[in-house]
Amino acid sequence: MTDDSPDQPHDFIREQIRSDLATGLHDHVVSRFPPEPNGYLHIGHAKSICLNFGVAAEFGGHCSLRFDDTNPAKEDQAYIDAIMEDVRWLGFDWGEHLHYTSDYFEQLYDWAVHLIREGLAYVDELSPEEMREYRGTLTEPGRESPSRNRGVEENLDLFARMRAGDFADGEKALRAKIDMASGNINMRDPVLYRIVRAPHPRTGDAWHIYPMYDFAHGQSDALEHVTHSLCTLEFEDHRPLYDWLIDNLPAPARPRQYEFSRLNLTHTVLSKRRLIQLVEERHVSGWDDPRMPTLTGLRRRGVPPVAIRDFIGRLGVTKSDGIVEMSYLENTMREHLNQTAQRRMAVLDPLKVVIENYPDDADDELDAVNNPNDESAGSRKVAFSREIYVERADFMEDPPRKFFRLGPGREVRLRYAYLVTCTDVIKDDAGNVIELRCTYDPESRGGNAPDGRKVKGTIHWVSAEHAVSAEVRLYDHLFTEEEPGSGDDWLDGLNPNSMELRQGCLLEPSLADLPAGETVQFERLGYFCADPDGAADNLVFNRTVSLRDTWAKEKAKG
RNA sequence: UGGGGCGUAGCCAAGUGGUAAGGCAUCGGGUUUUGAUCCCGUGUACCGCAGGUUCGAAUCCUGCCGCCCCAGCCA
């Protein structure tokens with residue numbers, strides 16, 4: 001491959017850009033990320049964000065953030081604010097290039113008038129139902145509206161009155177005059193403007209008519225001198241209309257639209273409609289529920305934005321639609337967290353252990369490495385004492401040979417501490433194990449015995465006296481099914497155990513003041529971050545992702 | 001029965017006529033005070049199918065099959 005920049009991604013869009021730069025069609029790149037402010041951004045949007053901001057940065061140019069706010073009935077300022085926050089969090093900066101389609105309403109109106117004067121647009125009074133009927137079907141051509149050949153002056157007058165608010169919603173609409181027999185339904189005299197008597201988040205009551213997506217998007221691109229207008233595959237058959245409008249308007253630039261496939265992920269849904277439904281029907285706690293594939297949800301879950309960017313980058317950009325395994329995302333999260341997350345100890349399901357030969361009053365602090373993959377992370381002191389807690393799952397009364405943990409008479413290493421041997425098992429009346437008695441080897445401080453004996457298992461622990469308690473939320477896939485049904489039954493695939501609540505977990509005390517936004521590894525368990533639901537006296541942690549667990553896999557095999 | 005796309009290993013994806021990259025997963029093995037990490041090894045992908053052109057095709061041609069999108073005054 002002949003390439004001067006082997007580290008840069010290669011895909012058909014970047015190839016197109018290279019070509020356009022090479023032929024001199026453009027000498028820089030202008031792109032844009034154009035969300036409609038009617039919902040929260042999800043990981044699918046991240047693909048578009050990374051692509052658009054990515055190419056602008058790679059080839060010189062800029063990428064703007066443009067709110068496609070042409071439908072006041074569904075949009076809201078709160079979404080605008082949230083979207084900006086999410087894009088920034090993901091790691092992108094639009095600088096001065098913040099735009100709103102609503103900024104162009106006046107220009108768009110003038111252009112509509114221009115089309116009318118050219119005889120390329122007309123005011124129609126077919127009702128929505130009639131219009132659907134006249135449109136024909138996928139296989140049959142449509143019929144022309146009786147209003148189609150109305151005179152220019154009358155159209156001009158009617159359109160002005162639409163703007164003035166003389167008509168009710170749906171009473172009239174401005175349509176392009178193209179071809180009612182086109183195989184491409186978007187070309188069958190598409191509606192350009194409709195009457196919507198609703199206040200707009202930005203323009204208030206100034207307008208009673210609003211441009212449709214098709215009459216706004218390409219023109220906004222042109223006004224911003226966008227060179228490459230990148231969107232998803234479903235807009236492919238809008239491209240002829242996009243081009244038709246630019247061709248028939250005195251547009252200041254000639255953007256080209258390119259389409260790529262959107263991201264699909266297993267075990268979740270990525271359609272705005274469904275995400276809204278999950279929120280509204282309370283299947284999740286909100287847009288930022290850590291189980292949601294929204295950027296705000298992933299953030300609350302503790303996923304570093306760089307992991308998302310990296311994940312998106314690994315997928316590439318193509319036109320073929322597929323469905324990416326959620327485990328791929330999780331793996332990317334682990335990969336980044338493994339390098340950067342500090343290690344801590346936390347016991348999620350505590351089982352008390354008394355070390356009988358350990359002094360009551362010892363004041364023992366052990367050195368624990370903060371991140372074995374990053375020496376600069378240093379180490380910390382962890383208090384040890386006679387009574388500790390270990391993970392209940394790290395003890396078995398009658399363990400199989402390959403269980404490298406605690407069992408009667410078995411010796412294990414307490415991470416960074418001592419070698420201990422289980423000497424007694426204490427049970428309640430019902431026969432449940434409630435406490436372990438152990439002895440420790442005073443010579444093994446730090447975790448190694450002077451005699452060099454091998455201890456296969458190392459388990460984590462917390463000091464009873466020093467630990468802080470917390471609630472921990474363990475998340476799993478939102479859907480048990482890889483691909484939630486495409487029909488109304490899609491909710492049937494919801495995972496009833498997508499969140500497991502653990503109360504009374506015991507954490508290493510340093511976790512009490514873990515800064516928000518920092519994700520740490522609970523050794524041997526996974527990556528966790530503090531949740532905003534928590535308070536100083538009521539810590540709450542979210543599991544970002546578990547560690548890979550080959551032991552669990554081994555057990556599952558039987 | 002219309003229009004627009006897409007089909008390379010379980011998933012993502014290179015490849016643009018010269019005889020199939022890479023990543024993830026899987027399965028082995030090694031190292032290891034996280035059964036994590038790390039390291040090493042591991043896949044015959046009939047390149048959707050069938051013909052054709054060519055010395056030679058995943059790459060060109062023809063036909064077929066499968067999947068996705070489009071009939072909002074949503075984007």
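All values reported here derive from a predicted model rather than from experimental measurement. All chains are named by letter (A, B, ...) in the order of the sequence lines, taking the proteins before the strands, and each is independently numbered beginning at 1.
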**Q** Would you indicate, yes or no, if B:C73 has its OP1 or OP2 atom less than 4.0 angstrom from a side-chain nitrogen or oxygen of A:Arg135?
**A** yes
**Q** Given A:His460 and A:Phe522, is the ring-ring contact (aromatic ring centres under 6.0 Å, His included) satisfied, shown in steps?
**A** CA-CA 9 Å; A:His460 57 97; A:Phe522 286 0; 9.0 Å; no
**Q** State which of B:C74, B:G15, B:G35 makes the closest approach to the side chain of A:Glu15.
**A** B:G15
**Q** Distance between the P atoms of B:U62 and B:G5, in whole angstroms?
**A** 15 Å
**Q** Base of B:U1, side chain of A:Glu140 - is there a donor-acceptor contact under 3.5 Å?
**A**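 Answer no: no donor N or O sits under 3.5 Å from an acceptor.
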**Q** Can a salt bridge be assigned to the pair A:Arg314 and A:Glu335 using a cut-off of 4.0 Å between side-chain N and carboxylate O?
**A** yes
**Q** Could you check whether the side chain of A:His238 and the base of B:A75 have a donor-acceptor pair of N or O atoms closer than 3.5 Å, going by distance alone?
**A** yes
**Q** Give one of base, sugar-phosphate or nothing for A:Phe311, where a contact means two heavy atoms less than 4.0 Å apart.
**A** nothing
**Q** With a non-hydrogen cut-off below 4.0 angstrom, is A:Asp169 in contact with a base, only sugar-phosphate, or nothing?
**A**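 Here A:Asp169 touches no strand at all.
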**Q** Check for me whether A:Arg143 meets the cation-pi criterion with A:Tyr134, that is, NZ or CZ under 6.0 Å from the six-membered ring centre and within 45 degrees of the ring axis.
**A** yes
**Q** On a whole-Å scale, what distance lies between the C1' atoms belonging to B:C65 and B:C49?
**A**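 B:C65 and B:C49 have their C1' atoms separated by 7 Å.
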**Q** Which part of the nucleic acid does A:Ile323 contact within heavy-atom distance under 4.0 Å: base, sugar-phosphate only, or nothing?
**A** sugar-phosphate
**Q** Atom CD of A:Glu36 to atom P of B:A75: distance rounded to whole Å?
**A** 6 Å
**Q** Can a side chain N or O of A:Arg524 be found less than 4.0 Å away from OP1 or OP2 on B:U32?
**A** no
**Q** Determine whether a donor-acceptor pair (one donor, one acceptor, N or O, separation below 3.5 Å) exists between the side chain of A:Arg405 and the base of B:G35.
**A** yes
**Q** RNA chain B: A:Glu75 or A:Asp549, which has the more 5' nearest nucleotide?
**A** A:Asp549
**Q** Considering only the P atoms, how many Å lie between B:A75 and B:C11, rounded to the nearest integer?
**A** 36 Å
**Q** Taking 4.0 Å as the cut-off, does a side-chain nitrogen or oxygen of A:Lys553 come that near to OP1 or OP2 on B:U26?
**A** yes
**Q** Looking for any heavy atom pair under 4.0 Å, which part of the strands does A:Thr70 touch: base, sugar-phosphate only, or nothing?
**A**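 Here A:Thr70 touches the backbone only, sparing every base.
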**Q** Hey, is A:Trp551 doing a stacking thing with B:G35, by the 5.5 Å centroid and 30° angle criteria?
**A**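 Taking the rule of under 5.5 Å and under 30°, the ring of A:Trp551 does stack on B:G35.
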**Q** NA contact type, A:Gly322, heavy-atom cut-off 4.0 Å: base, sugar-phosphate, or nothing?
**A**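 Sugar-phosphate, no base atom in range.
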**Q** B:C12, B:G2, B:A75: which one has an atom nearest the side-chain heavy atoms of A:Leu315?
**A** B:C12
**Q** Can you tell me which nucleotide in B:C24, B:G3, B:A71 comes closest to the side chain of A:Asn184?
**A** B:G3
**Q** Which class fits the ring pair A:Phe67 and A:Tyr100: parallel under 30°, tilted 30 to 60°, perpendicular over 60°?
**A** parallel
**Q** For B:U44, give the paired nucleotide (Watson-Crick: N1-N3 plus N6-O4 or O6-N4; G-U: N1-O2 and O6-N3; both under 3.5 Å), or none.
**A** none
**Q** Take atom C1' in B:U8 and the same atom in B:G22, then report the distance between them in whole Å.
**A** 13 Å
**Q** Verify side-chain hydrogen bond (donor to acceptor under 3.5 Å, both in side chains) between A:Arg32 and A:Ser229, making sure each step is shown before the conclusion.
**A** CA-CA 7 Å; A:Arg32 96 273 93 108; A:Ser229 181; 3.2 Å; yes
**Q** Is the NZ or CZ atom of A:Arg163 positioned over A:Trp207's six-membered ring, under 6.0 angstrom from the centre and within 45° of the axis?
**A** yes
**Q** Which one, B:G4, B:U34, B:C24, comes nearest to the side chain of A:Arg314?
**A** B:C24
**Q** Is the distance from OP1 or OP2 of B:A36 to the nearest side-chain N or O of A:Thr550 less than 4.0 Å?
**A** yes
**Q** Between atom CD in A:Glu391 and atom P in B:G35, what is the gap in whole Å?
**A**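 So the CD-P distance, A:Glu391 to B:G35, works out to 12 Å.
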**Q** Nearest 0.5 Å please: distance from the OH atom of A:Tyr193 over to the CG atom of A:Leu108.
**A** 4.5 Å
**Q** Taking B:A36 as the reference, what is the distance to B:U26 when you measure between their P atoms (whole Å, please)?
**A**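 That atom pair is separated by 12 Å.
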**Q** Nearest to the side chain of A:Pro128, which nucleotide is it out of B:C73, B:C74, B:A75?
**A**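 So the side chain of A:Pro128 is nearest to B:C73.
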**Q** Distance check needed: B:U26 C1' versus A:Glu325 CD, whole Å only.
**A** 11 Å
**Q** Name the pairing partner of B:G7, where a pair is Watson-Crick or G-U wobble with both distances under 3.5 Å, or state none.
**A**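 Pair assignment: B:G7 / B:C65.
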**Q** So, is A:Arg132 near the phosphate of B:G72, with a side-chain N or O under 4.0 Å from OP1 or OP2?
**A** yes
**Q** With side chain to side chain donor-acceptor pair (under 3.5 Å) as the test, pick out the partner of A:Ser102 among A:Asp69, A:Asp68, A:Thr203.
**A** A:Asp69
**Q** If we take the C1' atom in both B:U19 and B:C27, what is their distance in whole Å?
**A** 29 Å
**Q** When the P atoms of B:G41 and B:G48 are compared, how many Å lie between them, rounded to an integer?
**A**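 B:G48 and B:G41 have their P atoms separated by 30 Å.
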**Q** Between B:C74 atom C1' and A:Met131 atom CE, what is the distance in whole Å?
**A**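 Interatomic distance, CE of A:Met131 to C1' of B:C74: 15 Å.
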**Q** Could you check how far CG of A:Asn186 sits from P of B:C69, rounded to whole Å?
**A**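 Roughly 15 Å, once rounded to whole Å.
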**Q** B:C64 and B:G23: how far apart are their P atoms, nearest whole angstrom?
**A**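 One P to the other, the span is 40 Å.
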**Q** Which part of the nucleic acid does A:Pro141 contact within heavy-atom distance under 4.0 Å: base, sugar-phosphate only, or nothing?
**A** nothing
**Q** Measure CG/A:Leu233 against P/B:C69 and give the value in whole Å, please.
**A**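 From A:Leu233 CG to B:C69 P: 11 Å.
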**Q** Base, sugar-phosphate or nothing for A:Lys402? Non-hydrogen atoms, less than 4.0 Å.
**A** base
**Q** Describe the nucleic acid contact of A:Glu259 in one word from base, sugar-phosphate, nothing, applying a heavy-atom distance below 4.0 Å.
**A** nothing
**Q** Answer with base, sugar-phosphate or nothing: what part of the nucleic acid does A:Glu133 contact at a heavy-atom distance below 4.0 Å?
**A**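 The answer is nothing, as A:Glu133 stays clear of every strand by at least 4.0 Å.
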**Q** If the plane angle is over 60° it's perpendicular, under 30° parallel, otherwise tilted; pick one for A:His217 and A:Tyr213.
**A** tilted
**Q** For B:G28, does the O4'-C1'-N9-C4 or O4'-C1'-N1-C2 angle fall within 90° of 0, making it syn, or is it anti?
**A**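 Glycosidic conformation of B:G28: anti.
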**Q** Counting only side-chain N and O atoms of A:Asn331, is one of them less than 4.0 Å from OP1 or OP2 of B:A25?
**A** yes
**Q** Using a cut-off of 4.0 Å on non-hydrogen atoms, how would the nucleic acid contact of A:Thr137 be classed: base, sugar-phosphate, or nothing?
**A** base
**Q** Please determine if A:Arg150 forms a cation-pi arrangement with A:Tyr122, meaning its NZ or CZ atom is less than 6.0 Å from the six-membered ring centre and no more than 45° off the ring axis.
**A**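 No, A:Arg150 does not lie over the aromatic ring of A:Tyr122.
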**Q** Classify A:Phe235 by what it touches in the nucleic acid, base, sugar-phosphate, or nothing, heavy-atom distance under 4.0 Å.
**A** base
**Q** Among the nucleotides B:U26, B:C24, B:C73, which one has an atom lying closest to any side-chain atom of A:Arg194?
**A** B:C73
**Q** Could you check how far CZ of A:Phe12 sits from P of B:U16, rounded to whole Å?
**A**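 Between P of B:U16 and CZ of A:Phe12: 18 Å.
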**Q** Between B:G35 atom P and A:Leu406 atom CG, what is the distance in whole Å?
**A** 13 Å
**Q** Kindly point out which of B:C24, B:G72, B:A36 is positioned nearest to the side chain of A:Met212?
**A**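 From the listed options, B:G72 comes nearest.
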**Q** Hey, does A:Thr318 reach any base, or is it just sugar-phosphate, or nothing, if we go heavy atoms under 4.0 Å?
**A**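 Counting heavy atoms under 4.0 Å across all strands, the contact made by A:Thr318 is with sugar-phosphate only.
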